[in-house]
Every structure is written in structure tokens, then in C-alpha cells.
Amino acid sequence: MTTMGPTRARYSEQWAGNLLRMVRAKRGWSQRQLATAAGVPQSTIARIESATRQPTLPLLDRIIVAAGLELRTRLEPYDRHDDVLDALAAATPEERAAERTRHGDELVRALRETAPPAP
């Protein structure tokens with residue numbers, strides 16, 4: 001089972017707000033203009049953008065459609081990149097050095113396996 005690290009969790013909490021900021025930037029709209037188009041109070045847009053409110057998917061979709069855009073969702077395998085960086089940042093200097101050595105050993109092994117035979 002995969003669990004999110006702190007960076008991914010923070011990104012997830014800010015996702016809807018970032019999305020609405022991108023919508024507004026594409027349209028050149030203020031929060032008030034987006035809110036009016038979507039039929040919601042301007043404070044709703046502000047709270048979503050500041051991540052103090054997490055909208056439901058139907059509300060988020062309604063706001064985006066009001067701007068003439070469409071939200072499309074695609075499922076992909078989980079990318080552990082941020083989780084790996086979080087773990088590395090939390091590691092002691094000794095643990096980081098051991099991890100670099102392990103990755104270096106893996107790289108050397110992979111290069112040897114893919115290298116063409118010597119003449």
C-alpha cells in the first residue's frame with residue numbers, strides 16, 4: 001500500500017486552489033468574475049484558492065465549466081518522486097551517504113548489464 005508523504009499531501013490540499021488560479025489566468029478573470037460566471041460567492045473562490053475550503057468535485061467542475069473549460073481526469077501509476085525527496089530530506093547525513101552509495105552501485109550494475117561486450 002502506498003501512502004503520501006508530506007510534500008504530496010500539501011500539494012493535494014492545494015490542488016483545487018491552484019487549478020482555479022490557472023483557470024482565472026487562462027481567462028484573465030478576477031475571483032469575482034469567475035464567481036459570477038459560476039453562480040457562487042466570491043468568497044467561495046477565495047477560500048478554495050487559499051485551501052481553507054476543499055470543494056466537491058461537482059462544484060469544482062461547475063466552476064471550471066463556467067469558465068468555458070473542461071476538467072479531465074486520468075489515472076496513472078503513483079509517482080513516488082516527492083516521497084523519495086521527503087525521505088531523503090528527513091534522513092541523517094549517514095543515511096543519505098548510504099543511499100547515494102546504494103544508488104551508485106545500482107547504476108554501475110545496470111551499466112554493466114547493458115554495456116556491449118568488449119572486443
Side-chain angles (χ1 to χ4, degrees):
M1 181 172 91
T2 303
T3 58
M4 290 189 281
T7 298
R8 178 65 186 239
R10 199 168 38 256
Y11 172 76
S12 182
E13 290 167 5
Q14 297 169 349
W15 180 80
N18 290 338
L19 189 61
L20 290 190
R21 277 190 287 281
M22 288 190 316
V23 166
R24 291 192 308 103
K26 280 185 174 284
R27 292 294 175 242
W29 286 358
S30 67
Q31 287 181 350
R32 183 163 309 285
Q33 289 170 306
L34 180 58
T36 299
V40 300
Q42 180 271 330
S43 61
T44 297
I45 303 297
R47 289 193 332 254
I48 293 170
E49 288 189 6
S50 68
T52 58
R53 175 176 180 185
Q54 293 299 319
T56 63
L57 189 54
L59 174 60
L60 187 60
D61 194 38
R62 186 174 103 204
I63 294 168
I64 292 168
V65 167
L69 299 168
E70 180 179 6
L71 178 62
R72 294 188 179 187
T73 304
R74 182 174 73 198
L75 296 176
E76 298 285 342
Y78 185 76
D79 182 348
R80 295 189 44 82
H81 176 79
D82 289 332
D83 301 335
V84 169
L85 293 177
D86 285 341
L88 189 58
T92 66
E94 295 80 16
E95 290 168 332
R96 284 194 294 273
E99 192 67 12
R100 281 192 303 272
T101 300
R102 186 179 69 77
H103 284 295
D105 293 346
E106 288 175 5
L107 178 60
V108 169
R109 188 172 30 262
L111 291 173
R112 284 186 181 144
E113 291 171 0
T114 59

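Just so it is clear, the values below take in all heavy atoms, side chains as well, and ignore hydrogens, waters and symmetry mates. Throughout, residue positions are numbered sequentially from 1 according to the sequence presented.
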Practice task
Please assess Ile45 against Trp29 for the test side chain to side chain contact (heavy atoms under 4.5 Å, CB included), listing each intermediate value before the final yes or no.
Solution key: CA-CA 12 Å; Ile45 303 297; Trp29 286 358; over 6 Å; no
Handout entry: Side chain Gln54, main chain Glu13, donor-acceptor under 3.5 Å
Key = yes
For residues 61-72, which side-chain donor-acceptor pairs fall under 3.5 Å, sequence neighbours excluded?
residue	atom	partner	partner atom	Å
Arg62	NE	Ala38	O	3.3
Arg62	NH2	Ala38	O	3.4
Glu70	OE1	Arg72	NH2	3.3

Heavy atoms, side chains only, cut-off 4.5 Å: are [X] and [Y] in contact?
{"X": "Thr7", "Y": "Leu85", "answer": "no"}
{"X": "Glu49", "Y": "Arg24", "answer": "yes"}
{"X": "Met22", "Y": "Asn18", "answer": "no"}

Handout entry: Shortest non-hydrogen separation from Asp86 to Arg8 and the atoms involved
Key =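 Taking Asp86 first and Arg8 second, the nearest heavy atoms are OD2-N, 4.4 Å.
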Handout entry: Closest heavy-atom pair and its distance - Ser50, Arg47
Key = OG-O, 3.2 Å
Practice task
Please name all residues satisfying side-chain hydrogen bond (donor to acceptor under 3.5 Å, both in side chains) with Thr101, sequence neighbours left out, ordered by chain then number.
Solution key: none
Exercise for the section: Tell me, with the steps shown, if Thr44 and Arg53 meet side chain to side chain contact (heavy atoms under 4.5 Å, CB included). Expected result: CA-CA 8 Å; Thr44 297; Arg53 175 176 180 185; 3.2 Å; yes
Scan the side chains in residues 87-95 for donor-acceptor partners under 3.5 Å anywhere in the protein, sequence neighbours excluded, and list what turns up.
residue	atom	partner	partner atom	Å
Thr92	OG1	Glu94	OE1	3.4
Thr92	OG1	Glu95	N	3.1
Thr92	OG1	Glu95	OE1	3.4
Glu95	OE1	Thr92	N	2.8

Exercise for the section: Take atom CZ of Arg112 as the centre, draw a 6.0 Å sphere, and report whether it contains more than 12 heavy atoms from other residues, nucleotides or ligands. Expected result: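 No.
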Problem - Other residues, nucleotides, ligands: >12 heavy atoms within 6.0 Å of Tyr78 OH - result: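 Atom OH in Tyr78 is crowded, with more than 12 foreign heavy atoms closer than 6.0 Å.
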Handout entry: Test side chain to side chain contact (heavy atoms under 4.5 Å, CB included) applied to Thr3 and Asp83, step by step
Key = CA-CA 9 Å; Thr3 58; Asp83 301 335; over 6 Å; no
Exercise for the section: Give the intermediate values and the outcome of salt bridge (charged side-chain N to carboxylate O under 4.0 Å, His left out) for residues Arg109 and Glu113. Expected result: CA-CA 6 Å; Arg109 188 172 30 262; Glu113 291 171 0; 5.0 Å; no
Exercise for the section: Output, in order, the C-alpha distance, side-chain angles, deciding distance and verdict of side chain to side chain contact (heavy atoms under 4.5 Å, CB included) for Val40 and Leu59. Expected result: CA-CA 9 Å; Val40 300; Leu59 174 60; 4.0 Å; yes
